Amino acid sequence: QVQLVESGGGSVQAGGSLRLSCAASGYNYDYLCMAWFRQAPGTEREGVAFITSTGATTDYADSVKGRFTISRDNEKNMMYLQMNSLKPEDTAMYYCAAEPRPCVPRLQPDAWRYWGQGTQVTVSS
C-alpha cells in the first residue's frame with residue numbers, strides 16, 4: 001500500500017504564494033506517477049497537475065497554467081506544488097494522488113489509485 005501525506009496548506013491573500021508537499025511511503029517512489037487534485041465545497045474533484053515517475057513530463061489544468069508548478073524529488077520521495085499568484089477561486093482542499101506506472105497522462109480522479117488525506121488552501125480577496 002502507498003501512503004501519501006500532504007502538507008503546506010494554509011491561508012494566504014490573493015496574489016500570494018504557497019508550496020504544497022506530498023510525502024510518499026510504502027512503495028518504490030521511482031515507479032509512481034503523481035498528481036495534485038483539488039476539491040472545493042459543493043464541487044467535483046478536479047485535476048490540477050500531473051508529473052510522470054521521472055519528472056520528464058508534466059501537465060496542468062488550464063486554470064493554473066503559468067501560475068502553478070509541479071515537481072518531485074525522487075531522492076526524498078517527495079512531490080511539490082508551487083502555487084503563485086493565488087486567486088480566491090483556488091480555495092479548495094488539495095489532494096496528492098499516485099498511480100504505479102504505466103499511468104495515463106490525464107487528470108481524472110478515477111485514473112489514480114492512491115490518495116492522501118488533503119491539505120486545505122484558502123485564498124482571501
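It should be emphasised that the depicted structure is a prediction, and the values quoted were computed from it without experimental measurement.
- Separation of atoms OG (Ser25) and CG (Leu4) is listed at 7.5 Å; rounding is to 0.5 Å.
- Distance check: Gln39 CD to Tyr94 OH gives 12.0 Å after rounding to the nearest 0.5 Å.
- Residues passing the salt bridge (charged side-chain N to carboxylate O under 4.0 Å, His left out) test with Glu99, sequence neighbours excluded: Arg113.
- Summarising the geometry, atom CE belonging to Met83 is positioned 12.0 Å from atom CD1 belonging to Ile70; distances are rounded to the nearest 0.5 Å.
- Checking side-chain atoms of Arg45 against main-chain N and O of Ala40 turns up no donor-acceptor pair under 3.5 Å.
- The minimum heavy-atom distance between Thr69 and Tyr60, with the atom names listed, is CA-OH, 3.3 Å.
- To the nearest 0.5 angstrom, Glu89 atom CD is 8.5 Å from Ser63 atom OG.
- The hydrophobic clustering, which links ILVMFWY residues whose side-chain heavy atoms are closer than 4.5 Å, places Val48 and Val104 apart.
- When all heavy atoms are compared, the tightest approach of Ala92 to Gln120 is O-NE2, 3.3 Å.
- Residues Lys87 and Asp90 are not paired through a salt bridge, judged by the lack of any N-O separation under 4.0 Å between the basic side chain and the carboxylate.
- Using a 4.5 Å cut-off between side-chain heavy atoms of Ile, Leu, Val, Met, Phe, Trp and Tyr, with links allowed through other members, Val121 and Tyr80 fall into different hydrophobic clusters.
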Would Tyr27 and Gln3 satisfy side chain to side chain contact (heavy atoms under 4.5 Å, CB included), going step by step from the backbone distance to the final call?
-> CA-CA 8 Å; Tyr27 202 85; Gln3 291 83 47; over 6 Å; no
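- For the pair Asp30 (side chain) and Glu75 (backbone), a donor-acceptor distance under 3.5 Å is absent.
- Interatomic distance, CD1 of Ile51 versus CG of Leu81, reported as 10.5 Å (0.5 Å rounding).
- Cys96 approaches Met34 most closely through the heavy-atom pair SG-CE, 3.5 Å.
- At distances below 3.5 Å, at least one donor-acceptor pair connects side-chain atoms of Thr119 with backbone N or O atoms of Gly9.
- A donor atom on one side chain and an acceptor atom on the other are found under 3.5 Å apart for Glu6 and Gln117.
- Distance CG/Leu32 to OG1/Thr52: 12.0 Å, rounded to 0.5 Å.
- Taking Ile, Leu, Val, Met, Phe, Trp and Tyr as members and joining any whose side-chain heavy atoms lie under 4.5 Å apart, directly or through other members, the hydrophobic cluster of Phe50 also contains Phe37, Met93, Tyr95, Leu107, Trp112, Trp115.
- There is no side-chain donor-acceptor pair under 3.5 Å between Arg67 and Ser85.
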Without placing hydrogens or testing angles, list every side-chain donor-acceptor pair under 3.5 Å for residues 16-24, not counting sequence neighbours.
{"residue": "Ser17", "atom": "OG", "partner": "Asn84", "partner atom": "OD1", "Å": "2.9"}

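- Contact between Cys33 and Arg101 at its shortest, heavy atoms only, is SG-CB, 4.3 Å.
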Criterion side chain to side chain contact (heavy atoms under 4.5 Å, CB included) on Arg38 and Glu46, from CA distance to verdict = CA-CA 6 Å; Arg38 66 187 183 186; Glu46 63 175 347; 2.8 Å; yes
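- Val5 and Met78 fall into different hydrophobic clusters, where Ile, Leu, Val, Met, Phe, Trp and Tyr are joined by side-chain heavy atoms under 4.5 Å apart, directly or via other members.
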